[in-house]
Amino acid sequence: MIYTDTRDSKVQADFRTAVMSGMNAETGGLYIPVAFPKLEPSFINKNPEPSFRDIAFTMAKPYVEGEIPDDDLMEIIQDAYPFTPKVVPVDNTSYVLELFHGPTCAFKDFGARFMARVMSYFNRSENGTLHILVATSGDTGSAVGSAFHNVPGLDVTILYPEGKISEIQEKQLSTFTGNVRALKVKGTFDDCQKLVKTAFTDEELRKEFRLSSANSINISRLLPQSFYYMYSSLVVKNRAPLDSKIEKPSIITIVPSGNFGNLTSGLIAKEMGAPIRGFVAATNTNRTIPDWIATGDYTARASVETYANAMDVGAPSNYERIKAMYTLEQVRSMFASYWLDNDGIKDAINSCNTRTGYVIDPHGAIGWKAWDDIRGGAMDALVNGQKNDFTKPGLTPNAPEWANEIVQKNAVGIILETAHPAKFGSIVKDSIGREPAIPQRLQDVMALPDRAVPIENNYELFKDWLKANLSK
Ligand SMILES: *Cc1c(COP(=O)(O)O)cnc(C)c1O
């Protein structure tokens with residue numbers, strides 16, 4: 001596969017270059033495959049559907065062709081995914097896609113674990129350790145730390161702002177041993193990011209160590225997220241006619257979004273033939289994308305803190321990929337968009353629980369409420385010309401191409417549940433009156449000793465620490 005660049009379509013890179021460099025330093029653009037090959041209809045139409053790992057292998061193959069042989073790719077997939085996503089029906093026309101069965105209980109495990117193994121694979125033919133530096137405001141750091149833990153040839157240094165992340169998040173970052181370590185910085189997330197960025201541009205440091213990043217713009221994190229869209233849409237295509245008594249329901253996928261990496265992966269799956277008719281972009285008060293869809297103006301802004309904090313992004317980095325792949329009109333025909341404020345998020349957790357018995361986390365809850373409002377009359381109203389004010393919570397005034405499928409009650413929804421509710425136990429408790437059960441793997445982490453190294457927000461001290469502690 002050839003990879004090009006969102007800012008310069010003349011760029012041609014191989015998979016290895018796209019993965020190892022993360023972004024194109026010359027243009028500042030993001031790598032993107034030149035094609036999204038369709039899967040064979042005989043594969044997509046299997047009933048029962050293929051296993052998650054078969055789907056993962058079949059989808060990944062064209063993107064690594066000529067660079068990773070089949071046997072090695074299979075090994076990467078098996079090692080990355082000892083767990084699978086789960087499709088849980090919560091009523092006749094709604095499915096929750098649980099993406100939290102990995103080690104850190106959030107969907108980022110799917111992307112980070114694949115990326116870690118691919119980087120390790122390519123690093124085998126290089127000399128010495130590849131050092132990953134990552135700044136995190138919460139969930140990314142734990143997914144990356146866990147994904148790279150004990151992966152040969154790589155090591156990870158995580159920087160996080162002391163006192164600014166939740167207790168569970170801190171435990172998930174600070175308790176690693178071996179090749180993964182955490183520094184707690186006396187500063188903000190932006191300070192952490194600045195330290196990391198300065199290190200990447202420090203010639204002296206780069207001469208001594210091979211440095212890389214592991215952030216969400218890396219194409220090897222986006223591609224594997226498309227696997228679970230394909231998987232869930234095939235599961236739902238096969239079972240929904242029985243559950244819903246609709247002969248051929250259209251499948252709408254509802255995606256709680258921040259940086260829009262997850263949703264971009266859904267677009268990739270659709271391009272490759274996943275039977276997904278449309279998407280709902282669901283966000284919190286950080287409504288940059290819903291505003292863009294409603295008004296046509298894209299205005300990046302500072303982020304605001306919300307209960308769905310993994311989506312507190314005001315300048316979503318994957319907007320650039322979506323814009324490179326589609327026109328605004330195409331986006332408007334595929335997407336409905338929807339947002340909720342904090343009160344709405346709590347109501348949504350409660351309404352999901354009351355209506356279905358399902359305990360959902362604050363991110364997934366926005367998705368649930370978006371779907372429940374859309375099928376419960378909001379889309380009918382929009383089609384009939386009643387436009388919601390886009391600056392108020394709810395369905396943004398854009399009727400996608402599939403709006404009539406909703407009006408005619410010919411659709412089912414797949415809501416992506418991006419994190420386990422126990423990671424946000426106190427908000428869930430405020431909403432439904434009880435704490436969600438904590439999975440064993442989170443309890444285990446909570447019992448481990450904290451190993452984070454405290455550090456001042458000072459570049460020279462950070463650099464000295466790296467020089468004294470990183471292996472060559
Ligand atoms: C990262 C994250 C999101 C947002 O995903 P994007 O790919 O940034 O849109 C949503 N929910 C949870 C729990 C997350 O950790």
Side-chain angles (χ1 to χ4, degrees), residues 90-91 94 96 100 106 137-139 164-169 254-260 262-263 280-295 299 301-314 316 335-382 386-398 413 415-436:
V90 294
D91 63 33
S94 315
V96 170
F100 55 66
S137 54
D139 276 354
K164 297 206 166 55
I165 66 176
S166 78
E167 197 191 339
I168 287 193
Q169 283 176 326
I254 304 98
V255 190
S257 295
N259 246 326
F260 281 78
N262 201 1
L263 212 149
V280 180
T283 74
N284 55 29
T285 313
N286 296 283
R287 38 175 242 254
T288 307
I289 295 285
D291 282 9
W292 170 55
I293 291 175
T295 66
T299 314
R301 50 200 89 165
S303 64
V304 218
E305 276 182 42
T306 76
Y307 294 150
N309 66 11
M311 307 185 342
D312 292 349
V313 180
F335 289 23
S337 65
Y338 184 98
W339 69 276
L340 282 182
D341 59 17
N342 273 349
D343 288 344
I345 291 173
K346 277 195 184 164
D347 285 348
I349 297 171
N350 186 282
S351 109
C352 181
N353 188 247
T354 315
R355 301 270 306 280
T356 70
Y358 192 86
V359 179
I360 203 159
D361 97 293
H363 305 79
I366 303 178
W368 151 261
K369 194 72 169 69
W371 170 242
D372 200 39
D373 280 1
I374 285 173
R375 68 174 174 178
M379 192 59 88
D380 291 49
L382 181 56
Q386 287 174 43
K387 291 192 174 177
N388 190 8
D389 175 357
F390 74 92
T391 65
K392 301 265 159 50
L395 181 64
T396 305
N398 170 61
I415 298 143
L416 272 58
E417 171 59 325
T418 48
H420 193 287
K423 290 186 88 169
F424 304 89
S426 66
I427 298 161
V428 173
K429 186 170 181 215
D430 279 355
S431 312
I432 64 169
R434 63 194 154 86
E435 295 255 3

message = Here's a test for you: under side-chain contact (heavy atoms from CB on, under 4.5 Å), which of V428, D361, I427 qualifies with Y307?
response =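 When side-chain contact (heavy atoms from CB on, under 4.5 Å) is applied between Y307 and each of V428, D361, I427, only I427 qualifies.
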request  = Run through N342, D347, D341 and flag the one making a side-chain contact (heavy atoms from CB on, under 4.5 Å) with I345.
outcome  = N342
query = I366 and M311: side-chain contact (heavy atoms from CB on, under 4.5 Å), yes or no, with the steps?
reply = CA-CA 11 Å; I366 303 178; M311 307 185 342; 3.7 Å; yes
Evaluation steps, side-chain contact (heavy atoms from CB on, under 4.5 Å), between D430 and K346 = CA-CA 8 Å; D430 279 355; K346 277 195 184 164; 3.6 Å; yes
What are the two closest heavy atoms between [X] and [Y], and how far apart are they?
X: E417; Y: P421; value: OE2-CD, 4.1 Å
X: A370; Y: I254; value: CB-CG2, 4.2 Å
X: A336; Y: M379; value: CB-CE, 4.1 Å
X: A348; Y: A365; value: CB-O, 3.5 Å

Just by modelled atom types, is the [Y] backbone N or O under 3.5 Å from a matching donor or acceptor in the [X] side chain?
X: H363; Y: A310; result: yes
X: N284; Y: A308; result: yes
X: S166; Y: Q169; result: yes
X: E305; Y: D312; result: no
X: S337; Y: T396; result: no
X: N286; Y: G258; result: no

request  = Please tell me if the side chains of I374 and L395 come closer than 4.5 Å, counting only heavy atoms from C-beta onward.
outcome  =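 A side-chain contact exists here, since the closest heavy-atom pair is under 4.5 Å.
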ask   = Does the side chain of H420 come within less than 4.5 Å of I168's, by heavy atoms?
value = no
inquiry  = One pair to check against side-chain contact (heavy atoms from CB on, under 4.5 Å): L382 and N388. What are the steps and the verdict?
reply    = CA-CA 8 Å; L382 181 56; N388 190 8; over 6 Å; no
query = Below 4.0 angstrom, N of the basic side chain to O of the carboxylate: do R355 and D91 qualify?
reply = no
Would you compute the distance between atom [atom1] of [X] and atom [atom2] of [Y] and round it to the nearest 0.5 angstrom?
X: K369; Y: C352; atom1: NZ; atom2: SG; answer: 11.0 Å
X: S94; Y: D372; atom1: OG; atom2: CG; answer: 7.0 Å
X: I415; Y: I360; atom1: CD1; atom2: CD1; answer: 6.0 Å
X: N398; Y: K387; atom1: CG; atom2: NZ; answer: 8.5 Å

task = Please test F260 against T283 for side-chain contact (heavy atoms from CB on, under 4.5 Å), starting from the C-alpha separation and ending with a verdict.
result = CA-CA 10 Å; F260 281 78; T283 74; 3.8 Å; yes
Which residues share a side-chain hydrogen bond (donor to acceptor under 3.5 Å, both in side chains) with [X], sequence neighbours left out:
X: N262; answer: Y228, Y229
X: K423; answer: D139, Q172
X: W368; answer: S351
X: N350; answer: T354

key: With sequence neighbours excluded, residues passing salt bridge (Lys or Arg N to Asp or Glu O under 4.0 Å) with D380   = none
query = Above 12 or not: heavy atoms from other molecules or residues under 6.0 Å from CD of E435?
reply = yes
ask   = Any ring pair (Phe, Tyr, Trp, His ring centres under 6.0 Å) pairs touching residues 337-356, not counting sequence neighbours?
value =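 As it turns out, there is no ring pair (Phe, Tyr, Trp, His ring centres under 6.0 Å) pair with a partner in residues 337-356 once direct neighbours are skipped.
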